[in-house]
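Protein chains get the first letters and strands the later ones, always in sequence-line order, with residue 1 at the start of each.
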Number of protein chains: 2
Amino acid sequence: MKGFKIPKTTVERLPIYYRALLGMEKREIEVISSQDLGQRIGIPSAQVRKDLSYYGEFGRRGVGYEVPILRRHLQKILGLEKPWPMLIVGAGNLGRALINYQGFLRHGLEVKAVFDNDPRVIGTYIHNLKVENLEEMEEKIQQEGIKLGVIAVPAEAAQEVADRMVNSGIKGIWNFSPEHLHVPEDVNLRNEDLSVSLMALVYHLNYSIERSE
Amino acid sequence: MKGFKIPKTTVERLPIYYRALLGMEKREIEVISSQDLGQRIGIPSAQVRKDLSYYGEFGRRGVGYEVPILRRHLQKILGLEKPWPMLIVGAGNLGRALINYQGFLRHGLEVKAVFDNDPRVIGTYIHNLKVENLEEMEEKIQQEGIKLGVIAVPAEAAQEVADRMVNSGIKGIWNFSPEHLHVPEDVNLRNEDLSVSLMALVYHLNYSIERSE
DNA sequence: TAGATTGTTAATCGATTAACAATC
DNA sequence: TAGATTGTTAATCGATTAACAATC
């Protein structure tokens, strides 16, 4: 990786490239041009080339990119070579959906534990995984060296869960609660507030329907 | 609303403001400055003021913004005054999580129907809602005038579901599948590919852990 | 060689931020 | 009036895009 600054927007697109390449590899497409790759995912070819160029020269002029090679480069760039153990706090509907999501393992992620504080839920099983008492979270994080935590609890509980995660060594938080969480700057926080996302969709929907009526 | 172009990034922030204001209104905070509002959600005050200024002059110089007034303006701007009927296709874990999500109604959205094509699931109930046969989707969309559809099906089925939604009059699609969907330009498409989002988090996590070790 | 496509530079476009006059 | 905060302009910063020499 070169030393200079990489645009945030580029990083957001890397997983999209990676995913598309996985699909092409499965279908045994051997070589792809930035033009073709871009077309499949709705990104201009110049942007594809520029994004990749921040990390190296992966293509061959006049030819294109070899799919398996580029895919492996992206896997490494994204940090998906070694599997990341992760934990989920909150065994409600969303927590369950995430646990059951089959795609994590394929992408080098593995849900190692689920925690909740509701006695009616603790001890039940979700897809081979026993829901554990939230009290035991810290111990597990340290035992297993877990660095990645998912917050799928109600807004009121989110900051406390985050604090406890951070204190036990978690370095990346995927936050599904609507709370704006405070974490130290060496902790990577990613907010996935679905209702915020939906409201932005409704804004555009409302606007386009108003205009056409 | 003024005539000129509003930055995409501004639109993405509006729901965050709206949500914060809802919380403040509940706690009976009457007036808030751009400074204070921004602080709560991690957005600089100048940006708060600029974003709001695209839609009007909602504040009072020397004073700030009246919370209930600004909240109502944002509700209107976002198109959340009248409730939007929506439908979900795919009654798997994610579909279930979305149906059970209590927050939609509060934000002017209402899940009117759920569809699936699995005979073992059709006819079962999820939170008062009967899972219907996917065959009947088109009829329902037209009967109820539904404009908003959620795609929570496997990648292979996503484009077909999208096509059928579009042909029946859906104007906004919230796509949870990893497929890059093709829709006419008057249809608003929002992709919510969770594994893409997670990979971007892992990228940063990996990078920060590498550096500190 | 002729045709294709990369990697990169420079131009353009868009978003954020600082600063301050207006005004409560 | 003195202090506070908006709304807006202009400067800065960052991202996208066009264009093309390098090269397969």
Scan nucleotides 20-24 of chain C against the protein and return all N/O pairs shorter than 3.5 Å with their distances rounded to 0.1 Å.
unit_1, atom_1, unit_2, atom_2, d
C:dA22, N3, B:R61, NH1, 3.0
C:dC24, O4', B:R61, O, 3.1
C:dC24, O3', B:R60, NH1, 2.6

Contacts of [X] that satisfy salt bridge (Lys or Arg N to Asp or Glu O under 4.0 Å) - sequence neighbours left out:
{"X": "A:K76", "answer": "none"}
{"X": "A:R19", "answer": "B:D193"}
{"X": "A:R71", "answer": "A:E25"}

In this structure, how many angstroms lie between the [atom2] atom of [N] and the [atom1] atom of [X], rounded?
{"X": "B:L52", "N": "D:dG7", "atom1": "CG", "atom2": "P", "answer": "8 Å"}
{"X": "A:D51", "N": "C:dT6", "atom1": "CG", "atom2": "P", "answer": "13 Å"}
{"X": "B:Y55", "N": "D:dT8", "atom1": "OH", "atom2": "C1'", "answer": "17 Å"}
{"X": "A:Q47", "N": "D:dG14", "atom1": "CD", "atom2": "P", "answer": "17 Å"}

* To do: Using a cut-off of strictly less than 4.0 Å between a heavy atom of the residue and any atom of DNA chain D, enumerate the qualifying residues of residues 11-44 of chain A by number.
  =>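 Within this stretch, A:R13, A:P44 sit under 4.0 Å of the strand.
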Applying ring pair (Phe, Tyr, Trp, His ring centres under 6.0 Å), name anything that partners [X], two or more places apart in sequence or on another chain.
{"X": "B:H204", "answer": "none"}
{"X": "B:H73", "answer": "B:F58"}
{"X": "A:F176", "answer": "A:W174"}

* Asked: B:I146 and B:L148: which non-hydrogen atoms are nearest, and at how many Å?
  ->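 Smallest interatomic distance, heavy atoms only, reads CG2-O, 3.4 Å.
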* Write down the atom of B:K140, the atom of B:F115, and the distance for their closest heavy-atom approach. =>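 In terms of heavy atoms, the two residues are closest at CB-CZ, 3.7 Å.
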* Please say whether more than 12 non-hydrogen atoms of neighbouring residues, nucleotides or ligands are located less than 6.0 Å from CD in A:E30. =>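 Open: at most 12 neighbouring heavy atoms sit under 6.0 Å from CD of A:E30.
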* To do: Applying side chain to side chain contact (heavy atoms under 4.5 Å, CB included), name anything that partners A:A158, two or more places apart in sequence or on another chain.
  =>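 Scan of A:A158 (side chain to side chain contact (heavy atoms under 4.5 Å, CB included), adjacent residues dropped) gives A:I151, A:V153, A:S177, A:E179, A:L181.
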* To do: Return the stems involving DNA chain D, sorted by first number, where pairs are Watson-Crick (N1-N3 with N6-O4 or O6-N4) or G-U wobble (N1-O2 and O6-N3), both under 3.5 Å, and runs are 3 or more long.
  =>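 DNA chain D stems, ordered by first number: C:3-24 with D:3-24.
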* Asked: Could you give all pairs that pass the side chain to side chain donor-acceptor pair (under 3.5 Å) test and reach residues 162-173 of chain B, with sequence neighbours left out?
  ->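 Sorted pair list: B:E138-B:R164, B:Q159-B:D163, B:K171-B:D186.
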* To do: Please figure out whether A:A46 or A:K8 has its closest DNA chain D nucleotide nearer the 5' end.
  =>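 First, find each residue's nearest nucleotide; the 5'-ward one identifies A:K8.
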* Asked: Short question: side chain of A:N93, backbone of B:N100 - any donor-acceptor pair under 3.5 Å?
  ->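 No, because the side chain of A:N93 does not come within donor-acceptor range (under 3.5 Å) of the backbone of B:N100.
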* Asked: Ignoring hydrogens and geometry, is there a side-chain-to-backbone donor-acceptor pair from B:W84 to B:G79 under 3.5 Å?
  ->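 Confirmed, B:W84 side chain pairs with B:G79 backbone.
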* To do: May I ask you to verify if any side-chain N or O of A:Y54 is less than 4.0 angstrom from the OP1 or OP2 atom of D:dA15?
  =>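 Checking D:dA15 against A:Y54, no side-chain N or O comes under 4.0 Å of OP1 or OP2.
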* Asked: So, is A:T9 close to the D:dG14 phosphate, meaning a side-chain N or O under 4.0 Å from OP1 or OP2?
  ->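 For D:dG14, neither OP1 nor OP2 has a side-chain N or O of A:T9 closer than 4.0 Å.
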Protein-nucleotides 9-12 of chain C N/O pairs closer than 3.5 Å?
none

